[in-house]
2 protein chains.
Amino acid sequence: MRKVFVVGVGMTRIGRHFDKDLKSLFAEAALRAIDDARGASPQALVVGNMLSSSLYQQDNLGALLADYIGLRGVGALKVEAACGSGGFAVAMGYTLVAAGLYDVVLVGGVEKMSDYPTPTVSAALAQAADAEYEVVYGASFPALNALAMRLYMESYGASREEMAAWPVRMHEYAYQNPYAQLRFRITLDDVLKAPVVADPITLLDSAPIGDGAAALVLASEDVARKLSDAPVEIAGVGLGSDSVDVSTRFDILDPLSVRKAAEQAYRRAGVEPKDIEIAEVHDAFTITGLLSLEGLGLAPRGEAAKLVAEGAFAKGDRPEVNLSGGLKARGHPVGATGVYQVAEIALQMRGEFPGVKASSPEVGLAQTTGGVLASTSVIILRR
Amino acid sequence: MRKVFVVGVGMTRIGRHFDKDLKSLFAEAALRAIDDARGASPQALVVGNMLSSSLYQQDNLGALLADYIGLRGVGALKVEAACGSGGFAVAMGYTLVAAGLYDVVLVGGVEKMSDYPTPTVSAALAQAADAEYEVVYGASFPALNALAMRLYMESYGASREEMAAWPVRMHEYAYQNPYAQLRFRITLDDVLKAPVVADPITLLDSAPIGDGAAALVLASEDVARKLSDAPVEIAGVGLGSDSVDVSTRFDILDPLSVRKAAEQAYRRAGVEPKDIEIAEVHDAFTITGLLSLEGLGLAPRGEAAKLVAEGAFAKGDRPEVNLSGGLKARGHPVGATGVYQVAEIALQMRGEFPGVKASSPEVGLAQTTGGVLASTSVIILRR
């Protein structure tokens with residue numbers, strides 16, 4: 001297996017880009033990543049995207065986007081794993097280089113969500129759940145995550161106030177991240193008094209709907225040195241799954257897909273949870289972020305909420321988690337999120353992240369998931 | 001790069017399976033492939049599928065299908081490249097093993113198309129074209145391919161009768177293939193007198209709508225010997241693209257995506273077009289098959305129609321092409337087609353194909369494409 005490096009990074013600000021379509025949003029991020037990699041010429045494109053088919057009646061997205069940015073002819077495909085699509089796209093781009101098929105691969109994630117009314121977007125997002133066993137009964141994503149949050153609080157005696165510490169911190173970080181969607185501070189009280197979306201989840205426990213695109217240029221070792229002064233190695237990748245329908249989980253509070261993906265990624269990178277200095281984890285809802293920390297082995301089971309409320313995982317701790325503001329406040333353009341995470345960690349390792357800066361990390365981790373923790377990728381980065 | 005082998009093959013008959021849903025159709029093929037690989041335990045699943053999102057409101061298909069067949073926990077994702085999804089799924093599964101991430105990977109392709117009326121399915125298939133530049137003007141797939149067919153006939157002086165030789169042959173082969181959808185013979189006259197779908201394309205120039213699933217177990221060299229007495233090597237993989245919208249092609253009769261994918265696959269496998277003894281090529285329409293033969297370098301430009309009419313590429317010639325009956329008559333459950341092709345070639349190399357048998361080939365090729373030859377994968381197999 002060949003070593004693979006991130007040599008170029010590009011992102012768009014996340015928000016409501018009514019003036020840009022899927023293609024132009026993607027192009028903005030992709031061309032920045034190519035510029036950042038000294039004008040590299042990608043030989044293939046892997047795109048992470050969830051909603052182009054259901055919201056825009058557009059498939060064949062890989063070829064469409066490759067041509068749009070001037071890469072006509074290169075191998076191009078779309079990867080779909082619901083809200084985890086971006087992480088899986090990074091994993092596949094990594095694999096294409098690691099296997100030696102290509103020396104330079106562009107990985108992009110793009111999602112355009114704000115052109116439609118919220119009920120339409122919510123229905124499209126619900127396609128990440130089981131159409132026959134969940135969605136047909138009206139179980140939306142907030143409803144399914146509310147079940148997990150309620151169970152977490154009951155099982156571990158976590159208080160509503162402890163749970164609310166997470167979104168407060170995410171908004172503080174996003175406030176300082178120029179790419180973030182929700183750049184305002186909130187208090188514990190704001191979270192508790194926000195409109196209830198699905199009890200006990202309030203509006204401020206939930207990631208917003210937003211448009212965004214992120215892109216990476218990945219390269220093999222030889223080429224990486226030519227394209228970057230500060231290449232960041234992708235040291236390990238892991239993929240895991242769980243039942244899509246939550247009702248048949250072995251244990252709703254044991255994030256199987258995260259554990260499986262993390263085990264593989266740690267083993268392949270030759271590191272352990274204690275070695276991780278910075279992480280971006282998937283917090284589409286407060287409960288998702290907490291369960292992710294536990295599945296990754298960064299917090300003991302049942303203790304993430306309490307630890308976060310006590311200040312763990314914040315700037316200055318180890319690991320420093322979601323300095324971007326997380327899905328919660330940086331934003332969650334679903335198929336792009338996993339690409340944003342890797343881009344953010346790479347920029348932190350280069351000392352160039354424009355928001356809250358990490359403490360010079362050498363080993364980092366990005367974890368993205370689709371559905372209610374059903375499809376997870378874990379990517380370990382090393383400076 | 002590690003060597004990768006096909007060690008298990010499973011297919012369902014293609015047709016109108018009103019009694020089976022997407023999951024059960026997939027399971028039938030996947031469990032057969034696993035049985036064929038002596039009960040192998042796949043560590044990951046790559047699914048090729050185009051229409052689950054638009055027709056069944058179901059994303060997160062990788063995790064859903066992995067769980068359904070008892071593989072809960074394994075890394076799972078969906079690959080989408082329109083009607084070329086299946087070929088790209090094989091390519092990604094190959095890459096996961098070649099890069100050393102997994103030793104045993106299940107690749108599946110599944111499509112359920114016959115539950116809806118034809119206009120609904122046609123609209124969903126049109127998502128492989130450019131939504132903003134083509135579909136909005138009513139340019140369906142038959143219409144776009146009709147432009148190419150008309151241009152081919154005008155440019156090269158190919159007669160309508162020469163063009164019609166292809167579907168006649170495909171039906172002859174499918175008649176003998178128990179997995180095929182259209183198991184009846186037709187004459188040249190039948191093709192010419194069939195209802196016109198989009199002039200000059202008639203109903204019998206077009207692949208049918210049908211349901212089907214195919215699956216492969218891929219394994220690394222060490223493991224392959226344990227799982228199969230007759231492993232078939234995936235010797236080379238190539239991926240290519242072209243503009244999705246046909247109006248901006250450099251040359252509509254030069255299948256750029258096929259040429260690009262083929263060049264890579266031949267180079268990586270260390271073979272040339274003249275070494276190919278058997279091939280399955282993408283013939284969603286008669287014109288697609290002919291242009292594919294030319295893009296693959298198996299026929300000189302502008303001569304495929306004449307050569308086919310004269311008997312080239314038939315059983316006994318070299319290469320023997322589409323002995324399955326092709327998309328045209330074996331059937332084209334879109335996201336599954338590329339997986340069927342590889343399964344068919346592997347069975348031919350094992351001497352176990354249940355239809356028209358090849359002449360003991362050692363080197364074979366499968367080519368699948370999405371859109372009007374916009375997203376192509378080429379996979380070279382070696383016994």
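So you know, we letter chains A, B, ... as the sequences are listed, proteins then strands, and number each from 1.
Remark: the backbone N or O of B:Ala336 is not paired with any side-chain donor or acceptor of B:Glu111 at under 3.5 angstrom. Formation of a donor-acceptor pair under 3.5 Å by the B:Arg72 side chain with backbone atoms of A:Ser241 is not found in this model. No donor-acceptor distance shorter than 3.5 angstrom exists from the side chain of A:His282 to the backbone of A:Gln367, with no hydrogens or angles considered. Between the side chain of B:Glu233 and the main chain of B:Ala235, no donor-acceptor pair closer than 3.5 Å is present. Checked by atom type and distance alone, the side chain of A:Asn145 pairs as donor or acceptor with a backbone atom of A:Phe141 at under 3.5 Å. With A:Thr95 contributing its side chain and A:Ala91 its backbone, the two residues share a donor-acceptor pair below 3.5 Å. The closest donor-acceptor contact from the side chain of A:Glu134 to the backbone of A:Val246 lies under 3.5 Å. Side chain of A:Lys20 to main chain of A:Lys112: no donor-acceptor pair is present (N/O by atom type, distance under 3.5 Å, no hydrogens or angles). Without hydrogens or angle criteria, B:Asn49 side chain to B:Leu51 main chain gives a donor-acceptor distance under 3.5 Å.
Of the listed residues B:Gly84, B:Gly100, B:Gly240, B:Ala81, the one with more heavy-atom pairs under 4.5 angstrom with chain A than any other is B:Gly240. Between chain A and the residues B:Asp67, B:Asp242, B:Leu101, the most heavy-atom pairs under 4.5 angstrom are made by B:Leu101. Interface check for chain A: of the options B:Leu77, B:Thr376, B:Val97, B:Asp245, the most heavy-atom pairs under 4.5 Å are formed by B:Leu77. In terms of heavy-atom pairs under 4.5 angstrom with chain A, the leader among B:Ala126, B:Ser85, B:Gly370 is B:Gly370. Ranked by non-hydrogen atom pairs under 4.5 Å with chain B, the options A:Gly236, A:Ala128, A:Gly371 are led by A:Ala128. In terms of heavy-atom pairs under 4.5 angstrom with chain A, the leader among B:Ala98, B:Ser377, B:Ala131, B:Gly62 is B:Ala131. With chain A as partner, the option from B:Gln57, B:Met1, B:Met92, B:Gln43 having the largest number of non-hydrogen pairs under 4.5 angstrom is B:Gln57.
At a 4.5 Å heavy-atom cutoff, the contact between B:Asp59 and chain A is made by backbone and side-chain atoms alike. With a 4.5 angstrom heavy-atom cutoff, A:Asn60 touches chain B via backbone and side-chain atoms both. Proximity to chain B (any heavy atom under 4.5 Å) is restricted, for A:Asp21, to the side chain, taken from C-beta onward. For chain A, no part of B:Leu45 is nearby; none of its heavy atoms comes within less than 4.5 Å. For A:Thr248, the parts sitting under 4.5 Å from any heavy atom of chain B are the backbone and the side chain alike. For a residue to count as touching a neighbouring chain, one of its non-hydrogen atoms must lie under 4.5 Å from one of that chain's; by this rule A:Ala44 does not touch chain B. Neither the backbone nor the side chain of A:Ala123 comes within less than 4.5 Å of any heavy atom in chain B. Only the backbone of B:Ala129 has a heavy atom closer than 4.5 Å to any heavy atom of chain A. Only the side chain of A:Leu256 comes within less than 4.5 Å of a heavy atom of chain B; its backbone N, CA, C and O stay farther away.
When B:Ser52, B:Ser54, B:Ser53 are each tested for a side-chain hydrogen bond (donor to acceptor under 3.5 Å, both in side chains) with A:Gln127, only one passes: B:Ser53.
Sorted by first then second residue, the ring-ring contact (aromatic ring centres under 6.0 Å, His included) pairs that include residues 53-75 of chain A, not counting sequence neighbours, are A:Tyr56-A:Tyr116. Pairs engaging residues 233-261 of chain B under the ring-ring contact (aromatic ring centres under 6.0 Å, His included) rule: none recorded [sequence neighbours left out]. For residues 85-110 of chain A, the salt bridge (charged side-chain N to carboxylate O under 4.0 Å, His left out) pairs, not counting sequence neighbours, are A:Arg2-A:Asp103.
In this structure, A:Lys78 forms no cation-pi arrangement with A:Phe26, as its terminal cationic atom is not both closer than 6.0 Å to the ring centre and no more than 45° off the ring axis.
Contacts of residues 257-268 of chain B with chain A at a heavy-atom distance below 4.5 Å involve B:Lys260, B:Gln264, B:Arg268, listed in sequence order.
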